[in-house]
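Working notes, structure below.
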Amino acid sequence: MRYSKILIPTLKETPAEAEAISHILMLRAGYIRQLAAGLYIYLPLGLKVIEKINKIIREEMNAIGAQEITMPALHPSEVWQETGRWYEIGDEMFRLKDRGGRDMCLGMTHEEIIAWLASKEIRSYKELPQIWYQIQIKLRDEARPKSGVLRTREFLMKDSYSLDADEEGLQKSYELHADAYHKIFTRCGLKYYMVESDPGMMGGARSHEFMAPSQSGEDEVAICDKCGYSANVELACSIPEGIDEKNWLLEEVYTPDKRTVQEVSDFLKIDSKYFIKSILLISGEIPVLALVRGDQELHEKKLTKIIGKHRTAHKEEVKDILGIEAGFIGPMNHKIRIIADSCLKEGVYISGANKPHYHVKGIKPDKDFVAEWFDIHVAKEGDFCTRCKSPLRIEKVIEIGNIFMLDTKYSLPMKAFYLDKNGKERPIIMGSYGIGPARIAAAVIEQNNDKDGIIWPKSIAPFDVEILPLNMKDSKTVEVSDQLYNDLLKEGIDVLIDDREERAGVKFKDADLIGIPIHIIIGEKNLREGFVEIKDRRIKETVKIKVSEVTERVKITV
RNA sequence: CGGGGCGUAGCGCAGCCUGGUAUAGCGCACCUGCCUUGGGAGCAGGGGGUCGGAGGUUCAAAUCCUCUCGCCCCGACCA
């Protein structure tokens, strides 16, 4: 491709709206443009990258026997009503009516459609297993689109669905997907983790997420480098650092106007980990007191699994129910249900005295109050692994893929049944598996860039090679460049030639920004001696090569 | 949806607080010419703006007030 014939609108300056590195570079290097919040146009280079990623995905999906299909992005409401998600899902679903007044929606995902298809087409155990996939647009009315292409309202997704006769079949399909995903992300040149994740509203027993470490990520994972434990902090378990056993006697201490753990801790000059944080919650109509250590955060999701949906109590409710304002509540002498973090079982603590401007020192759990014990704290850096007791790391990550076991959550309501060997009707066991190609591209940029721009891995770079004829007015330069360009094309190498009438500096800057892995630099002086230079974008080193040897050399490298 | 920020030429910004400089400014980009050609050159000339929109205050509004739309960031949400 000739640079003069392809739209690559590079930007010298950083657009004001971009903050994430990948967002800045995709805009500056001319890969994308924004139409509206969470809606992006992929320019030629951007599209080429996405298509390279899609090609890798297709190859690996096909390799596990998955079959590509394509389903509509516009759905009738009925299928979503069948499974109940029409009612469960709120504003995040784009809804509309057709001219006949029928309710429709834009597909956020395709479990319903797959289950519908399966219900029509699958009759017998002999037709199972099946894996069906598509690479298709998904639409979600995100509350907050952000970070460029990382969180958008319309996005491409590879979604596949496995249909199996039984649990073992599902297990197999799940593992096939995990293997395929490892291959896909490795081929894309990503550093990533496969972590345990919360199946959430997708239902089903197990799920994992594939996470690419990046500062721009929205999620956090807890990683144990020793035993390999890795989980989304949404469910990660951990053992907090230990505390010394204090020989405090039970006594009230005067803490005037000190309400938060931080304030009381500073005031008494005692570390916050010797405090019990008491939080009053309302679950339904019922008050529940949650206790975590002073240096911990209450984990809402973990608590939800124990007491169900809940909210924090209002100030007045705290007073009504516990008879004391929020700053001075403690675990003792209450008749309501108390859920406490397991780590509080051991030790002696300080907490509110249930009396204005007083705290109590020397509280012994189980003796001074009774509670139900659960892990309800958020795992944090420095906590220890529950399996091997080694320190955990917390890392910010971008979710680039996920795999879910759905079981019969969708097949039952959609009546996707088959007949087993004994002629008995059974629900199909399903799995659902997603990958976001745009997130792969963004995550790769996040992990591979320098001050000058993007550094693509060969596998998904928009071009294999870029030729830089430094002086287009020099006929020898043009002649040799064109010759090399044609030779490389003949070898099946995807090459971009910067044939613009620009100064050398401009070409160098743009080439570095765009990030094609190999640059062939054609300068007048070297050419007079029969040489050109080959530059590695990543390490920025150049080697002088005889013109006649360039094609061979590039063939090996690409 | 809560909190914060920002909308002035294609991009990045100044001007706004404290209204008034007859044509609203700067850098980059763009067009023409000359010159230059190994890291975003130089000189000269030029084009491009309903100051996000609507209403209001005023003799006078980019500037003050009200409403509204859009975009970004933090949080909540995220099937």
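Order of the sequence lines fixes the chain letters, A, B, ..., with proteins taken first and strands second; residue numbering starts at 1 for each chain.
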Taking any heavy-atom pair under 4.0 Å as a contact, classify A/Glu399: base, sugar-phosphate, or nothing.
nothing
Looking only at heavy atoms, the pair that brings A/Ile400 and A/Ala443 closest together is CG2-CB, 4.1 Å
In whole angstroms, the gap separating C1' of B/rA41 from CG of A/Leu470 amounts to 15 Å
Of B/rU36, B/rG38, B/rC72, the nucleotide closest to the side chain of A/Gln34 is B/rC72
Expressed as a whole number of Å, how far does the C1' atom of B/rG4 sit from that of B/rG15?
24 Å
Which of B/rG40, B/rA76, B/rG38 is nearest the side chain of A/Ala504? It is B/rG38
The Watson-Crick or G-U wobble partner of B/rU58, with both key distances under 3.5 Å, is none
B/rG7 -> Watson-Crick or G-U wobble partner, both distances under 3.5 Å, gives B/rC69
Would you call A/Arg2 and A/Asp482 a salt bridge, using N to O less than 4.0 angstrom? yes
Taken to the nearest whole Å, CD/A/Glu541 to P/B/rG38 is 22 Å
B/rC26 -> Watson-Crick or G-U wobble partner, both distances under 3.5 Å, gives B/rG12
In whole angstroms, the gap separating C1' of B/rG75 from CD of A/Glu297 amounts to 13 Å
Would you say NZ of A/Lys305 has more than 12 non-hydrogen atoms from neighbouring residues, nucleotides or ligands within 6.0 angstrom? yes
For B/rG38, the nucleotide meeting Watson-Crick or G-U wobble distances (both under 3.5 Å) is none
When both distances are under 3.5 Å in a Watson-Crick or G-U wobble arrangement, the nucleotide paired with B/rG2 is B/rC74
Atom CZ of A/Arg503 and atom P of B/rC35 are separated, to the nearest Å, by 14 Å
Using the P atom as the point on both nucleotides, what is the distance between B/rG10 and B/rC31, in whole Å? 15 Å
Whole-Å distance, A/Glu13 CD to B/rA9 P, equals 14 Å
Discussion item. Is any side-chain heavy atom of A/Leu291 closer than 4.5 Å to one of A/Ile376?
Written reply: no
Whole-Å distance, A/Arg28 CZ to B/rA29 C1', equals 14 Å
NA contact type, A/Asp91, heavy-atom cut-off 4.0 Å: base, sugar-phosphate, or nothing?
nothing
Mind checking the P distance from B/rU21 to B/rA62? Whole angstroms is fine.
10 Å
Quiz item: Using a cut-off of 4.0 Å on non-hydrogen atoms, how would the nucleic acid contact of A/Ser147 be classed: base, sugar-phosphate, or nothing?
Solution: sugar-phosphate
Above 12 or not: heavy atoms from other molecules or residues under 6.0 Å from NZ of A/Lys540? yes
*What orientation do A/Phe185 and A/Phe210 show, parallel under 30°, tilted 30 to 60°, or perpendicular over 60°?*
tilted
Taken to the nearest whole Å, CD/A/Glu234 to P/B/rA76 is 11 Å
Separation of B/rC28 atom C1' from A/Lys509 atom NZ, nearest Å, is 15 Å
Q: Would you classify A/Lys535 as touching base, sugar-phosphate or nothing, given that sugar-phosphate means primed atoms plus P, OP1 and OP2, and contacts are heavy atoms under 4.0 Å?
A: base
Discussion item. Quiz question: going by heavy-atom distance under 3.5 Å, is there a donor-acceptor pair between the base of B/rG39 and the side chain of A/Asp512?
Written reply: yes
_Does A/Ala18 reach a base, just sugar-phosphate, or nothing at all? Heavy atoms under 4.0 Å._
nothing
Worksheet item: Under the 3.5 Å rule, do the base of B/rG7 and the side chain of A/Glu17 count as making a donor-acceptor pair?
Response: no
Checklist line | Spacing of the C1' atoms in B/rU8 and B/rC51 (rounded, Å) | finding: 4 Å
- Query: Does a side-chain N or O from A/Arg144 land closer than 4.0 Å to OP1 or OP2 of B/rC74, or not?
  - Reply: yes
In whole Å, measure the gap between the C1' atoms of B/rA14 and B/rA9 for me. 14 Å
Heavy atoms only, 4.0 Å cut-off, all strands: where does A/Arg311 land among base, sugar-phosphate and nothing? nothing
Taking for A/Arg140 and for A/Leu513 the nucleotide of RNA chain B with the nearest heavy atom, the one nearer the 5' end belongs to A/Leu513
Result for 5'-nearest mapping on RNA chain B, choosing between A/Glu218 and A/Glu501, is A/Glu501
The reported gap from CE in A/Met93 to CZ in A/Arg85 (rounded to nearest 0.5 angstrom) is 7.5 Å
Next item on the list: Could you measure between the two C1' atoms, the one in B/rG48 and the one in B/rU32, and give it in whole Å?
Entry: 15 Å
Open item on the list: Below the 4.0 Å mark, does B/rA29 have OP1 or OP2 next to a side-chain nitrogen or oxygen of A/Lys12?
Closed with: yes
Discussion item. I want to check one thing: is the phosphate of B/rC74, taken as OP1 and OP2, less than 4.0 Å away from some side-chain N or O of A/Lys146?
Written reply: yes
Interatomic distance at P, B/rG3 relative to B/rU68, whole Å: 14 Å
Judged by atom type as modelled, is there a donor-acceptor pair below 3.5 Å linking the side chain of A/Asn449 to the main-chain atoms of A/Glu446?
yes
Name the nucleic acid region contacted by A/Ala16, choosing base, sugar-phosphate or nothing; use a 4.0 angstrom heavy-atom cut-off, strictly under.
sugar-phosphate
Fill in: Rounded distance in Å between the C1' positions of B/rG46 and B/rG7
29 Å
